[in-house]
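So that the names make sense, note that chain A is the first sequence line, chain B the second, and so on, each numbered from 1. All of these numbers come straight from a predicted model, not from anything done at the bench.
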Amino acid sequence: MKKDTVHAIRTALESLGISPCPPVDIEIPKGESHGDIATTVAMGLARSLKKAPRKIAEELVGAIPDRSIFESIEIAGPGFINFSFTKDYLRAMVKRLILRDRSILREEIGQGRKVLVEYVSANPTGPLHIGHARGAAVGNALCSILEESGYAVEREYYINDAGRQVKMLGMSVYAKYQQMLGVECEFPEDGYRGDYIDDEAKALISGAGEKYKGRSFDECGDEISSWSYRRMLALIGKDIVLFGIRDFDHWISEKELYDRGEVGQALSALRDLGHIYDKDGAVWFRSTAFTDDKDRVVIKSDGAFTYFASDIAYHKDKLDRGYDIIVDVWGADHHGYIPRIESVMQAFGYDSSKFRVILVQMVNLLKHGEPFQMSKRAGNFVTLSDVVELVGADTTKFIFLTRKADSHLDFDLDVVTAQSSENPVFYVQYANARINSILENARTKGIDPGAAVDADLSALELAEEFSLIKKLLAYPVVLEGAARAFEPHRVTYYLQELAGIFHSYYHHHKVITDDPRLTKARLALCLAIRVVLSDALTLLGVTAPEKM
RNA sequence: GCGCCUGUAGCUCAGCUGGAUAGAGCAACUGCCUUCUAAGCAGUAGGCCACAGGUUCGAAUCCUGUCAGGCGCGCCA
């Protein structure tokens, strides 16, 4: 739909000798009275051509060579050109959808460009919680959308396994272990207090027995820390599987960056470029030379690297790997880091426009309408696995994807567990399940739904049927917008709209009728709808159950 | 104090990178199950797009200011 229209407009622009050819903006009008698809090019050209928009539109329309696919082309309002398609054109698209013709499901805007998306990257000191889940859902869906739009996407998780956090994890487990074995041991003040620490201590007892009993942390701390850390990483891996998002292509270890000397190398590279200086016994990165408002310490006066130092190394590593676009999905509370990372990019001579941060706002967890305060230290946070068990992975992901990433989100445990119509995911999944139910019903009546590909689609004549087809043809336009804007939630909204039109159609018209020709045609339409529903749900990481 | 995000129906939020008469879900009222799944459908009602200016053919959308909420501003991680 879009491709054919854009092609027609481009051809017309060329034949009018308008060059360079301006970008052809296409939009799908809200109301059907404005046609099936519209363009604003004429209005956009008004200024540079110094002509009235409607005049340009007229010339443009006159110059469209082949208008056989259009029912009508009208100029409206200040200079819109509204296109309507013939019924036969629309009908023909149904078959291409059933056959999953990629050219009408996707816009290949990525052209193979390499994209790295880093998301989740939770510290390996405990299980994932509800806050991480939003980043996981958004990152996962974004990757799928970009991938299906023709980008070469790599998914990455950065593990902060070098700092004191891992040590603190070890100390927490160590203390709990000693306590359980009856040895008096003070729990570290900044230790992690979740139930999982108890579990780890128990696991340590059953695995190592009393091997560490009564020994000092200096003696056995490293062993316990790295043991705990590996288990936490495994736990996070399990959570990711449980949540139903794709596995990461790369798990990058901060510690390994240090071990390979990359942190030191990155800093000396910066020093060679003249962006490093010494002051007050510390080593500084002159980030104010770029977009930052403050210079940043990279090596403290006690000789230790700051967290930012390894971040420099990590992002240099990303740059060196040669991606066209580097995306970081961060919690919104880290927004203050954007300028300094941008500065790093620029310091290494890269255009920071290839770097893009998606900020994911906090999840406001509610229970009985009241805020449910989470604190990892207090140990009362709600884990991702708890939520998956309580709410379900599909619902959780879908709800996280019904808002744009940078808006705040209320997640009321009572509301989302109610299994009521407040769960938009059911609405969409139900449409898919209904179609399967129809197909099943057809089979029991001896009709092979698969044969519907050959249906005589001229039997489709209802306005609702054409609304459905047009909505299906809008899918690649929505996908393209979602990919360009890095906004997965657009797909979520589209799905709800498509499901809505289908539910209405279902209620008003029988698919399986006494008329074999009509039945076959409507089955074909159902198959096409199912293709889009399941395709979009898959991109969002949500399942498309056959039965509900 | 400075910076970032947000402000749209009673509530939760969309609004397609500046387009045509502002949308959805929930909540509230009205109807619809001997017919492919009622987790559904049809309808009613609900708005000074926080406020004030500006930019232009055209603004919920872009710019400036004000107000309100959230977050961030360490030789922490």
Checklist entry - Taking only residues two or more places apart in sequence or in another chain, which ones pass side chain to side chain donor-acceptor pair (under 3.5 Å) with A:R340? => result none
Checklist entry - So do A:Y506 and A:E464 actually touch side chain to side chain, heavy atoms under 4.5 Å? => result no
Checklist entry - Syn or anti: how is B:C11 classified when any glycosidic angle within 90° of 0 counts as syn? => result anti
Checklist entry - Heavy-atom contacts under 4.0 Å between residues 400-409 of chain A and RNA chain B, which residues? => result A:T402, A:R403, A:K404, A:D406, A:S407, A:H408, A:L409
Next on the checklist: Need one value for A:I338: base, sugar-phosphate or nothing, where a base atom within 4.0 Å counts as base even if backbone is also close, heavy atoms only.
Outcome noted: nothing
Checklist entry - Contact class for A:D302 (heavy atom, under 4.0 Å): base, sugar-phosphate, or nothing? => result nothing
Checklist entry - Residues two or more places apart in sequence or in another chain: which of them pass ring pair (Phe, Tyr, Trp, His ring centres under 6.0 Å) with A:Y229? => result none
Checklist entry - Mind checking what makes ring pair (Phe, Tyr, Trp, His ring centres under 6.0 Å) contact with A:F308, not counting sequence neighbours? => result none
Checklist entry - At under 4.0 Å between heavy atoms, what does A:S301 touch on the DNA or RNA strands: base, sugar-phosphate, or nothing? => result base
Checklist entry - In dot-bracket notation, what is the pairing pattern of RNA chain B, taking Watson-Crick (N1-N3 plus N6-O4 or O6-N4) and G-U wobble (N1-O2 and O6-N3) contacts under 3.5 Å, with [ ] crossing and | for other strands? => result (((((((..((((.....[...)))).(((((.......))))).....(((((..]....))))))))))))....
Next on the checklist: Can you list everything that forms a side-chain contact (heavy atoms from CB on, under 4.5 Å) with A:A52? Sequence neighbours excluded, please.
Outcome noted: A:K55
Next on the checklist: Mind checking if A:H503 touches a base, just sugar-phosphate, or nothing, with heavy atoms under 4.0 Å?
Outcome noted: sugar-phosphate
Item to check | Annotated protein contacts, base or backbone, on nucleotides 18-23 of chain B with a non-hydrogen cut-off under 4.0 Å, one of B, S, - each | outcome: -BBB--
Checklist entry - With sequence neighbours excluded, what pairs up with A:D278 under the side chain to side chain donor-acceptor pair (under 3.5 Å) test? => result A:R271
Checklist entry - Do A:Y475 and A:Y494 have their ring centres less than 6.0 Å from each other? => result yes
Expected rows: protein N/O vs nucleotides 30-35 of chain B N/O, under 3.5 Å:
unit_1: B:U35; atom_1: O2'; unit_2: A:K510; atom_2: NZ; d: 2.8

Checklist outcome for this item: Residues passing the ring pair (Phe, Tyr, Trp, His ring centres under 6.0 Å) test with A:W330, sequence neighbours excluded, are none
Which atom pairs, donor and acceptor, lie under 3.5 Å between side-chain atoms of residues 514-524 of chain A and protein residues at least two apart or in another chain?
unit_1: A:D515; atom_1: OD1; unit_2: A:R517; atom_2: N; d: 3.0
unit_1: A:D515; atom_1: OD1; unit_2: A:L518; atom_2: N; d: 3.3
unit_1: A:R517; atom_1: NE; unit_2: A:D456; atom_2: OD2; d: 2.8
unit_1: A:R517; atom_1: NH2; unit_2: A:S458; atom_2: OG; d: 3.0
unit_1: A:T519; atom_1: OG1; unit_2: A:T513; atom_2: N; d: 3.0
unit_1: A:T519; atom_1: OG1; unit_2: A:T513; atom_2: O; d: 3.1
unit_1: A:T519; atom_1: OG1; unit_2: A:T513; atom_2: OG1; d: 3.1
unit_1: A:T519; atom_1: OG1; unit_2: A:D515; atom_2: O; d: 2.8
unit_1: A:R522; atom_1: NE; unit_2: A:E465; atom_2: OE2; d: 2.8
unit_1: A:R522; atom_1: NE; unit_2: A:Y505; atom_2: OH; d: 3.2
unit_1: A:R522; atom_1: NH1; unit_2: A:K510; atom_2: O; d: 2.6
unit_1: A:R522; atom_1: NH2; unit_2: A:E465; atom_2: OE2; d: 3.4

Item to check | Those residues of residues 468-480 of chain A lying under 4.0 Å from RNA chain B by at least one heavy atom | outcome: none
Item to check | C1' atoms of B:G1 and B:U8, separation to the nearest Å | outcome: 31 Å
Checklist entry - Taking the side chain of A:K294 as its heavy atoms from C-beta onward, which of B:A39, B:C75, B:C73 lies nearest to it? => result B:C73
